[in-house]
Number of protein chains: 2
Amino acid sequence: MPDYTPPAPKSERILNAAEELFALHGFDGVTLRGIATAAGVDVALLNYHFGVKKKLFEVVFMRRAEILNEARLNALLEAEASSGGRPSLEQIVSAFLRPIQRFQLTGDEGWRNYLALVGWVNSSSVWGEEMMHKSFDPLVARFIEALKKNMPDADPQRIYWAYQFFSGALTLTLAQTGRIGRLSDGLCRESDVETVYDLMIPFVVAGFRKLCVESVEDVF
Amino acid sequence: MPDYTPPAPKSERILNAAEELFALHGFDGVTLRGIATAAGVDVALLNYHFGVKKKLFEVVFMRRAEILNEARLNALLEAEASSGGRPSLEQIVSAFLRPIQRFQLTGDEGWRNYLALVGWVNSSSVWGEEMMHKSFDPLVARFIEALKKNMPDADPQRIYWAYQFFSGALTLTLAQTGRIGRLSDGLCRESDVETVYDLMIPFVVAGFRKLCVESVEDVF
DNA sequence: TGATGAATTCAACAAATGTTGAAAATTATC
DNA sequence: GATAATTTTCAACATTTGTTGAATTCATCA
């Protein structure tokens, strides 16, 4: 047995199974027994390791949030450094998106599931709010700082709204619903991650420009 | 008793309560007893009127879909008529969005709930697909026709992707998560429907132009 | 009024759910 | 190798869940 890799510890197997199932069916659509079965462990083990169901969900959600935040922040800092503190809109938006793309491209199934889960939580009204706030809003605020600095004359309200549209476009793509594939009769594949971001970035940047840079009168 | 309005029939009360609760918590987050209590009826009545739970959800979802589709199609037909068959991008996007805005502005709580529900279903991976497809894709295909006609030289794939980003921006806004309000410290209010669409339309149009009209080289 | 059919309630079912405590097995520590 | 601590299993609990059939009320109309 030359390259035997020991099986992941059970606590990790639980998190991975939970990650996938929560991403597919949401919090209420998943049972602890379903997770336990998928992970190949006893139900009681979930409670032993992670406490009640909601706590398990939080652990799943937080597990990769910090990693993603750090990657995004680094990308932004790099963009700022390489531009003498004045990154372009493209650079800012790219710093927000490209790390996600990188994680998706690693082929790690876990990241795909996790990102779909984020998409799910972000558009869930009651549930997501608190968790999205705690785990992502500090970083988002930092990006909006950068946007404000890039467009000092823009109405802040417009920057926030543009960010909301941006966030929506990203969220739906992360959710991996498969709908665009069906709609386009297979022409667009959500798995084609490179194309997605190559197109999303200019789409979003153009929107920001229109709303926040060009003259107000042009909008109406 | 001068203007006494009789209470809505119970079957309608059930649909309204279900609409609100499903919009807030999703399919699995809602119990039939919760709906029954909110509607002030017996649990067994849900089964009598609508059959099993999934069927009830479908009835709720389909109830307003046709109305919305008709309004949107009329708006598109009008735009085409008033422009000699060559509606502008703004007109097409507006025809897609303004009817939604109109329904939101009627003040009918039911429409707000329903639209939030659509936002929820649209970004749910397993659940939504079939229902979104059946109830909305025919109309969406019609809009994409119009877009293709407006931009005959555009790569169809890009039109579909731009639509996906468009749909995401709309979906997140419909979902009414309250997150943008918190993020902007109250500067943006999701209830301010007029502002939302006045900004979403130019944002989306600019994105479409960038991806589908301007030269390919500009994108990268 | 009385009879027919629809609407509504009542009571209960079997199955599934989150959670827990105690026992057993495994691992670590000395 | 004995002891302690950690991990895992077993069995079960009290609720809650979707669903159903029989009984009751209500409305319609001859």
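Naming convention: chains lettered A, B, ... in sequence-line order (proteins, then strands); numbering from 1 in each chain.
Expressed to the nearest 0.5 Å, how far CG of Asn47(B) lies from CG of Leu32(B) amounts to 8.0 Å. Distance check, rounded to the nearest 0.5 Å: CZ of Arg158(A) to CG of Leu187(B) gives 12.5 Å.
The residue from Phe166(B), Trp161(B), Phe165(B) that alone fulfils the ring-ring contact (aromatic ring centres under 6.0 Å, His included) condition with Phe203(A) is Phe165(B).
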With the criterion being N/O to N/O and under 3.5 Å, what pairs connect the protein with nucleotides 11-15 of chain D, and how long is each?
{"from": "dA12(D)", "atom 1": "N6", "to": "Arg33(A)", "atom 2": "NH2", "distance (Å)": "3.4"}

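Screening residues 17-44 of chain B for salt bridge (Lys or Arg N to Asp or Glu O under 4.0 Å) gives Glu19(B)-Arg63(B), Glu19(B)-Arg64(B) as the qualifying pairs, with residues at least two apart or on separate chains. Counting only residues at least two apart or in different chains, salt bridge (Lys or Arg N to Asp or Glu O under 4.0 Å) contacts with residues 184-196 of chain B are absent.
Relative ring orientation between Trp111(A) and Tyr114(A) is described as perpendicular, the plane-to-plane angle rising above 60° on a 0-90° scale split at 30° and 60°.
What separates CZ of Arg13(A) from P of dT7(D) is a distance of 16 Å, to the nearest Å.
Tyr197(A) contributes no side-chain N or O that, together with a main-chain N or O of Leu97(A), makes up a donor-acceptor pair within less than 3.5 Å.
Proximity of residues 46-58 of chain A to DNA chain D (heavy atom under 4.0 angstrom from any strand atom) is restricted to Tyr48(A), His49(A). Of the residues in residues 20-31 of chain A, those with a non-hydrogen atom less than 4.0 angstrom from any atom of DNA chain C are Val30(A), Thr31(A).
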Phe61(B) and Phe27(B): CA distance, side-chain angles, deciding distance, side chain to side chain contact (heavy atoms under 4.5 Å, CB included) verdict | CA-CA 11 Å; Phe61(B) 193 78; Phe27(B) 181 78; over 6 Å; no
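Legend: residues meeting side chain to side chain contact (heavy atoms under 4.5 Å, CB included) with Ser167(A), ordered by chain and number and at least two apart, are Asn122(A), Tyr163(A), Thr171(A), Leu172(B), Arg179(B).
Closest contact between the side chain of Leu45(A) and the listed nucleotides dT9(D), dG18(C), dG18(D) involves dT9(D).
Donor-acceptor pairing under 3.5 Å is recorded for the side chains of Lys148(B) and Tyr160(B).
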